[in-house]
Amino acid sequence: MRIGVLAVQGAFVEHEAMFHQLGAEVFEIRQKRDLDRPFDGLVLPGGESTVMKKLLRELDLLEPLRRKIEDGMPVLATCAGLILLAEQLTDGEPPCFATLPVTVRRNAYGRQLGSFSQEADVQGIGSFPMVFIRAPYVETIQNGVEVLATVQEKIVAVCYQNQIGLAFHPELSGRPDLHRFFLKRVEQYQKQA
Ligand code: GLN
């Protein structure tokens with residue numbers, strides 16, 4: 001099982017550390033030729049979604065990765081990664097992959113709550129320490145999207161087919177549960193293939 005971590009910008013190293021801890025093989029996706037090697041799951045990290053979107057386009061990574069997601073490759077998308085997956089953004093910015101049928105509000109907690117942590121339940125996992133950094137939340141979901149967690153009555157974790165979208169940073173929590181949950185999905189996907 002090999003996990004490709006998008007590594008053009010943002011907090012990708014922390015994800016890699018989590019996967020190493022779980023014994024999974026990871027590699028960094030920095031340019032198009034990195035996609036020549038086979039892999040079974042994709043991570044879209046936190047960072048700055050507008051910068052990542054621009055780089056994805058410039059590096060010619062957007063379409064090949066979108067195709068993989070549409071073909072069912074499991075994706076773990078955190079914070080800016082969730083913004084990249086969303087079909088719609090409330091700020092009117094054009095979407096990036098647009099494979100996850102949700103509307104996302106960027107920088108949704110305002111200045112005072114720029115960064116905060118909160119423990120909340122994640123479906124199937126239990127209580128989880130969530131780290132939010134200039135985080136988005138999911139404002140609306142369409143049919144077929146499962147809500148995995150809410151905080152302050154806002155949706156902060158969703159699952160749709162093989163796409164897991166999180167508004168927070170599980171790679172900074174010191175707990176590998178959500179990465180393990182993702183790896184299980186990757187394993188199932190491999191069995192189907
Ligand atoms: N505010 C960032 C954005 O809009 C996301 C922040 C993060 O990934 N921690 O892209």
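All ligand and atom numbering here is 1-based and tracks the order in the structure.
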- Message: With heavy-atom distances below 4.5 Å as the criterion, would you say the side chains of Asp91 and Asn107 are in contact?
- Response: no
- Item | Atoms in ligand 1 with a heavy atom of Ser49 nearer than 4.0 Å | 3 (C), 4 (O), 10 (O)
- Among Leu61, Val51, Leu44, Ile29, whose side-chain contact (heavy atoms from CB on, under 4.5 Å) with Leu56 holds? Leu61
- Hey, which atoms in ligand 1 end up nearer than 4.0 Å to a heavy atom of Gly46? 8 (O)
- Enclosure of Asn143 CG (heavy-atom neighbours >12, cutoff 6.0 Å): no
- Query: Taking the six-membered ring for Trp, are Tyr109 and Phe116 parallel (under 30°), tilted (30 to 60°) or perpendicular (over 60°)?
  - Reply: perpendicular
- Note on the structure: Tightest non-hydrogen contact, residues Leu55 and Gln9, listed as CD1-CB, 4.3 Å
- May I ask you to decide whether Glu70 forms a salt bridge with Arg66, counting only side-chain N to carboxylate O separations under 4.0 Å? no
- Message: Could you tell me, atom by atom, which parts of ligand 1 come under 4.0 Å of a heavy atom of Ile83?
- Response: 3 (C), 4 (O), 10 (O)
- Query: What is the nearest protein non-hydrogen atom to atom 1 (N) of ligand 1, stated with its residue, atom name and distance?
  - Reply: Asn107 OD1, 2.6 Å
- shortest atom 7 (C) of ligand 1-to-protein heavy-atom contact is with Cys79 SG, 2.7 Å
- Query: Could an N or O of ligand 1 be found under 3.5 Å from any N or O of Arg106, whether backbone or side chain?
  - Reply: yes
- Item | Within-cut-off N or O pair, Ala80 and ligand 1, under 3.5 Å | yes
- Query: Salt bridge or not for Lys32 and Glu63, using N-O below 4.0 Å?
  - Reply: no
- Item | Proximal candidate to atom 9 (N) of ligand 1 [heavy atom criterion; set Lys53, His169, Gln9] | His169
- Could you list the atoms of ligand 1 found under 4.0 angstrom from a heavy atom of Arg134? 1 (N), 2 (C), 5 (C), 6 (C)
- Report yes if Thr78 has an N/O atom closer than 3.5 Å to an N/O atom of ligand 1; otherwise report no. no
- Message: Check the orientation of His15 and His179. Use parallel for under 30°, tilted for 30 to 60°, and perpendicular for over 60°.
- Response: tilted
- What is the closest protein heavy atom to atom 5 (C) of ligand 1, and at what distance does it sit? Gly47 O, 3.3 Å
- Message: When you measure from the heavy atoms of Met52 to every atom of ligand 1, does any distance fall below 4.0 Å?
- Response: no
